[in-house]
Number of protein chains: 2
Amino acid sequence: MGRKRLQESADGRPTVHTVAARAGVSIASASRVLNGVGGSPETIRKVREAAAEVGYVPNAIARSLQSQRTGLVALAVEDIGNPVYVEMMRAIESVVAASGRQLLVHATGGRIDNETALLRRLAHRYVDGMIVSPIRVTDDHLAALVDSPVPVVVVGQLAADAPVDNVRTDSRTGVGLAVDHLVAAGRRRIGFVNGPLDTVPGTARDAGFRAALTRHGIALDERLVEVGDFRYAAGRAATERLLARAHPDALVCANDLIAVGALHALLAAGRRVPDDVALVGMDDTELARMMFPQLSSVSLGSAERGRRAAELLLSRIADSSLPPRREQVAPSLAVRASSATAPLTVPAPAPPAPAPRTPEVTA
Amino acid sequence: MGRKRLQESADGRPTVHTVAARAGVSIASASRVLNGVGGSPETIRKVREAAAEVGYVPNAIARSLQSQRTGLVALAVEDIGNPVYVEMMRAIESVVAASGRQLLVHATGGRIDNETALLRRLAHRYVDGMIVSPIRVTDDHLAALVDSPVPVVVVGQLAADAPVDNVRTDSRTGVGLAVDHLVAAGRRRIGFVNGPLDTVPGTARDAGFRAALTRHGIALDERLVEVGDFRYAAGRAATERLLARAHPDALVCANDLIAVGALHALLAAGRRVPDDVALVGMDDTELARMMFPQLSSVSLGSAERGRRAAELLLSRIADSSLPPRREQVAPSLAVRASSATAPLTVPAPAPPAPAPRTPEVTA
DNA sequence: CAAACTCCCGGAAACGTTTACAGCAAGCAG
DNA sequence: CTGCTTGCTGTAAACGTTTCCGGGAGTTTG
């Protein structure tokens, strides 16, 4: 005698049918009670009881099929290990949670096929919408974004005419802020440690750096420019290569992870920060404040961008007929000890240290 | 004249019915072709063509309702900003991806209701399984884990008789390793900066610290113990409080974020690391290696735990009748500059600098 | 007391797939 | 030529919900 059909699900779990049968009511009534809409006191009692007895738990997939929404929102970023995304995620999460939805994060690892695959999978209705922050954008990818079956908001630069909601910042200008600051502090041999040039932020920051130097009438010494990826180890390695062939008096880094790598390379090479080399990171993440000395950093408003992106997404989920919108968040510079002009300011009074010695390399 | 029913979905998107009608075949044939199973060459052509013309994209929710699986796996952690979870996530992701599934991450923020809510929501079939690393466990919570509708693997300590797949480590012993090392290096006034005592790791590490001191016959000075949460800012604040009232010659921290906070507090207070105060963190994350000096840290095998947890989960998804399993990963200690007895070792061979100097931060 | 209104209930139709089943045509062996 | 196999096809039934709709009972109003 096989199990009764229409009573429990394939794997033996109770369904609304099970509950209804046990309570002696129709599935319609059971469903109503379970959703807290309608039902006489008696019916409510019976259904609640039956549900508790069999340990009923609703199948969200079935419910979603009916309601056409899952209550889930996804965020796809390249590297969850980058604190900038953590900040962005926190901002997004608080907006999303306030709307009664849940946020899921997916790390694409920067592999573009991965990201496209994610779109082609998650977006097939598993989530009500998604926020994507791609660092590389191909035509293919863009196409997938544009005709995604679910609302998508892109955080980052995008072709001007792409019909996709978009929150961006201006990292070109951001790099400019860093250079302005360093030049004002008297630095002239300003180096730049960047991420890959085949990424959107990589190219923007490179352009920003070159433009800023030009603006100040400083000729660019290519030996002062080095490229790795956007992570710590690469930043450190890139800085080591740079230091082996040039003598910067300041370094701008394309993000904070790279800046930390650079700091490590500088200290290991016996350069003092900021006395010998001033250092400015980018993204202004918590990591910058966790360093010693604390790192100056260009804020690209990641939390703000996240918040705005989440709001754009929610409004589009609510009304898909809205025209594509584009928002911009201005960069700003946070000056801290790593690029202070005055003698290194210590967060708290330091004890009289033995007179700092200048390593010969920079003497 | 309303749109034709059974032809397109509620929001106007094409369904398999649309494609079938357009191709002039039944939905069964259309579905078969779309899934690449069966179909005459002629049918295949017509269906493919029709699908392309209308831009058909299958509704994953409907498919999942039918197949009873989504191909998604979730990881729920307290704080995605903690690099230990990033490492764990990477390990899990590689196993999960190899099985053709996708990993989604959810940050619970340690709010236990949040985590229970997640279980009660995601687990209601949105995902095929989930890995949870709770830092607080109530009976309620445990109950939700035990009779979750989808397979769950817990990373972390759990009541011995809990019928849940479980990967754990022994952080008590882990703290012991740190203390042993410091004692062997001649340190005696060993302080401890912990996370909240109402968390599972918090209590375990506290117990481990006390047991280790006792084992070495060192009387515990309560002024050398301080508590915050598991993040950087709290770690720094806790260390500042501790330093204001006691004079440790070594500090053990309950994780690397706290250790970074402690390092910052120590340097700001003018203490040299490791000369005045030796420092040992825990979790052995990338962050420990990013500091200067690099931090010694107790590895709790987070990547390994992640890997094992993912494997447990996949095997349980494949066969839910397996008995609950429990695996253990042993801790180990990575000794680095922050607790080195010998003169500060520089992390990487510095460029052949004339007479290596001790970088000023630690001078 | 009849009519109108409220409330609650159950049947049945969705939501968009996959798939068991049966029918049918064509190919082949006897 | 008959009977069997093979390969496609379409019909319809699932998957587990929610919800529209019509009917029946009870209550209020004129």
Side-chain angles (χ1 to χ4, degrees), chain A residues 2-21 23-47 51 54 56-71 121 124-126 128 149-150, chain B residues 2-21 23-47 51 54 56-71 121 124-126 128 149-150:
Chain A
R3 68 195 156 67
K4 189 78 164 305
R5 221 74 235 297
L6 279 185
Q7 286 290 3
E8 45 183 38
S9 76
D11 52 1
R13 302 197 62 87
T15 75
V16 72
H17 291 93
T18 325
V19 174
V25 301
S26 71
I27 59 162
S29 295
S31 172
R32 277 187 288 256
V33 171
L34 263 9
N35 286 17
V37 32
S40 71
E42 174 63 2
T43 307
I44 293 180
R45 187 190 59 75
K46 285 190 299 189
V47 172
V54 299
Y56 171 73
V57 12
N59 181 324
I61 295 268
R63 187 201 305 255
S64 294
L65 179 57
Q66 167 70 27
S67 65
Q68 300 285 20
R69 28 169 290 130
T70 64
R121 181 157 191 174
H124 288 4
R125 310 306 201 136
Y126 275 134
D128 292 341
V150 325
Chain B
R3 71 199 152 66
K4 188 79 164 303
R5 222 69 236 297
L6 277 185
Q7 286 291 4
E8 44 182 38
S9 77
D11 52 0
R13 303 195 61 86
T15 73
V16 71
H17 291 93
T18 324
V19 174
V25 302
S26 73
I27 59 163
S29 294
S31 172
R32 275 187 289 256
V33 170
L34 263 8
N35 285 18
V37 33
S40 71
E42 173 63 2
T43 307
I44 293 181
R45 187 190 58 74
K46 286 191 298 189
V47 172
V54 299
Y56 171 73
V57 14
N59 182 323
I61 296 269
R63 188 201 302 259
S64 293
L65 179 58
Q66 168 71 26
S67 66
Q68 300 285 17
R69 26 170 292 130
T70 63
R121 183 157 190 174
H124 289 3
R125 312 304 203 139
Y126 275 134
D128 292 342
V150 318

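In what follows, every chain begins at residue 1, and chains take the letters A, B, ... in the order their sequences are listed. Owing to the predicted nature of the structure, the values given are computational and were not obtained by experimental measurement.
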Base, sugar-phosphate, or nothing for S40(B), non-hydrogen atoms under 4.0 angstrom?
-> sugar-phosphate
Practice problem: Would you classify I61(B) as touching base, sugar-phosphate or nothing, given that sugar-phosphate means primed atoms plus P, OP1 and OP2, and contacts are heavy atoms under 4.0 Å? | Solution: nothing
**Message:** Return whichever of P41(A) or I27(A) has its heavy-atom-nearest nucleotide of DNA chain C closer to the 5' end.
**Reply:**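 Nearer the 5' end of the strand: P41(A).
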With the side chain of [X] defined as its heavy atoms from C-beta on, choose the nearest nucleotide among [options].
X: A28(A); options: dA12(C), dA14(D), dA14(C); value: dA12(C)
X: V25(B); options: dC15(C), dG10(D), dG16(D); value: dG10(D)
X: Q66(B); options: dC15(C), dA14(D), dT17(D); value: dA14(D)
X: S29(B); options: dG16(C), dT9(D), dT17(D); value: dT9(D)
X: S26(B); options: dT19(D), dC15(D), dG10(D); value: dG10(D)
X: Q68(B); options: dG16(D), dC8(D), dT17(D); value: dG16(D)
X: N59(A); options: dT17(D), dC8(C), dT18(C); value: dT17(D)
X: R32(B); options: dA20(C), dC21(D), dT18(C); value: dA20(C)

Would you give the length of the straight line joining atom [atom1] of [X] to atom [atom2] of [Y], rounded to the nearest 0.5 angstrom?
X: R63(A); Y: S31(A); atom1: CZ; atom2: OG; result: 8.0 Å
X: R69(B); Y: D128(B); atom1: CZ; atom2: CG; result: 5.5 Å
X: K46(B); Y: I44(B); atom1: NZ; atom2: CD1; result: 11.5 Å

Computed from five pairs at either end and rounded to 10 degrees, the angle between the axes of the helix from dC1(C)-dG30(D) to dG30(C)-dC1(D) is 50°
Let me know the distance between [atom1] of [X] and [atom2] of [N], rounded to the nearest Å.
X: K46(B); N: dT9(D); atom1: NZ; atom2: P; result: 8 Å
X: L65(B); N: dT17(D); atom1: CG; atom2: P; result: 9 Å
X: H17(A); N: dT18(D); atom1: NE2; atom2: P; result: 11 Å

Hey, which of these two, R63(A) or T43(B), hits DNA chain D nearer its 5' end, going by closest nucleotide?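 Comparing both residues, the 5'-ward one is T43(B).
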* Does dT18(D) have OP1 or OP2 sitting under 4.0 Å from an N or O in the side chain of S67(A)? -> no
Side-chain contact, heavy-atom cut-off 4.5 Å: V47(A) with R32(A)?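 Side chain of V47(A) against side chain of R32(A), heavy atoms only: no contact under 4.5 Å found.
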Are any of the side-chain heavy atoms of Q68(B) and N59(A) separated by less than 4.5 Å? yes
May I ask you to decide if T15(B)'s main-chain N or O and T18(B)'s side chain share a donor-acceptor pair within less than 3.5 Å?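 A pair under 3.5 Å: yes.
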Spell out, as yes or no, whether a donor-acceptor pair under 3.5 Å connects the side chain of Y56(B) to the backbone of L34(B).
-> no
